[in-house]
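The structure presented is a predicted model; accordingly, all values stated were derived computationally and were not measured. Remember, it's 1-based here, ligands and their atoms both numbered in the order they're listed.
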Amino acid sequence: MNRAVLGVLVSGRGSNLQAILDAIQAERLRAKIGVVISDTPGALALKRVAGFDIATTVIERKKFADRRSFEQAIAAELQLHHVELVVLAGFMRILSSEFIGHFPGRIMNIHPALLPAFPGLDAQAQAVRYGVKVSGCTVHFVDEGVDTGPIILQEAVPVLDGDDEHSLAERILHVEHKLYPRAIGLFCEGRLRTEGRRVIITEKR
Ligand code: GRF
């Protein structure tokens, strides 16, 4: 079986990118990172792949007249590297439906809450403020909305009495690093079938 080619979009720290890289290195994930694209120069994420044979590119929004041409540059770079699955890993921008149309059913995101609770920014702080006893993370396909696409995997973590957004974020992040490579692996094995809002995980062939 060929390795599916991933294009990873990042903006910052890149700990999920690191987890994906580690899973590939350990042969827990049969995939290949074709390109890492950052919208932020100097992002720590870019340093994580230095020394590997992985293309990296910085594509900054401010270098383009509008969002459309910015997104077109990203799509062109992904296509250049024959990317089969676009992985958003802490990429801090909302993608237009035109961009999504280039990769139908082939863009994934990870969100640090149990969707549909607490979409958008600062999900962990939202959870602490709300007073929920359980939060977690969600891997989902990306659609036109903000964190609204069909859910692939979710895992819960407890919210403890002494938590602030930082301690909760850390507990969730630990789970993110297992869940994201697992969801990507299911895609690469052709085991995800979307029926409306539901993502069915099929048996291993
Ligand atoms: C993670 O919490 C992820 O759920 C959210 O952005 C954060 C990215 O962290 N989408 P990192 O850059 O992967 O370390």
Side-chain angles (χ1 to χ4, degrees), residues 6-25 28-29 31 33 35-50 52 54 56-61 74 85-95 99-100 103 106-130 132 134-159 163-187:
L6 314 180
V8 187
L9 269 53
V10 297
S11 297
R13 180 180 54 182
S15 70
N16 277 288
L17 169 62
Q18 183 74 57
I20 294 163
L21 202 55
D22 291 347
I24 292 173
Q25 293 292 110
R28 276 180 282 117
L29 174 58
I33 300 179
V35 63
V36 175
I37 301 173
S38 173
D39 67 342
T40 312
L44 175 58
L46 293 169
K47 303 199 175 72
R48 294 181 187 266
V49 290
F52 290 90
I54 297 175
T56 60
T57 316
V58 176
I59 302 180
E60 282 183 273
R61 170 66 184 83
I74 296 177
L85 177 67
V86 182
V87 176
L88 308 185
F91 185 65
M92 297 304 288
R93 285 178 188 278
I94 311 294
L95 295 164
F99 179 91
I100 294 166
F103 306 94
R106 297 194 289 123
I107 309 177
M108 266 186 205
N109 183 41
I110 189 158
H111 182 74
L114 293 177
L115 292 169
F118 314 127
L121 290 176
D122 300 324
Q124 304 95 332
Q126 290 186 55
V128 170
R129 269 201 306 275
Y130 197 94
V132 290
V134 173
S135 192
C137 58
T138 304
V139 182
H140 63 93
F141 284 118
V142 171
D143 68 5
E144 284 73 17
V146 177
D147 302 322
T148 52
I151 290 171
I152 302 165
L153 291 177
Q154 292 187 299
E155 192 167 322
V157 305
V159 182
D163 270 336
D164 60 13
E165 72 256 44
H166 305 292
S167 56
L168 179 59
E170 199 178 315
R171 192 172 308 117
I172 293 173
L173 200 59
H174 187 69
V175 177
E176 290 184 36
H177 294 163
K178 288 187 303 170
L179 212 64
Y180 216 179
R182 199 181 301 155
I184 294 166
L186 289 170
F187 178 92

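Asn109 contributes no side-chain N or O that, together with a main-chain N or O of His140, makes up a donor-acceptor pair within less than 3.5 Å. Looking only at distances, no side-chain donor or acceptor of Thr138 sits under 3.5 Å from a matching main-chain atom of Gln154. Of the possible donor and acceptor atoms, one in the side chain of Gln126 sits under 3.5 Å from a partner among the backbone N and O of Leu121. In this structure a side-chain-to-backbone donor-acceptor pair under 3.5 Å is present from Arg48 to Arg13.
Given atom 2 (O) of ligand 1, the protein heavy atom at minimum distance is Glu176 OE2, 3.1 Å. For atom 8 (C) of ligand 1, the closest heavy atom belonging to the protein is Gly90 CA, 3.5 Å. When hydrogens are left out, the protein atom nearest atom 11 (P) of ligand 1 is Ser15 N, 3.4 Å; that is the closest non-hydrogen contact.
When the heavy atoms of Arg13, Glu170, His111, Met92 are ranked by distance to atom 9 (O) of ligand 1, first place goes to Arg13.
Between Ile110 and ligand 1, at least one N/O pair is under 3.5 Å apart. Residue-to-ligand polar distances place Gly14 within reach of ligand 1: an N/O pair is separated by less than 3.5 Å.
A side-chain contact (heavy atoms from CB on, under 4.5 Å) with Leu21 holds for exactly one of Val49, Val8, Leu29; it is Val49.
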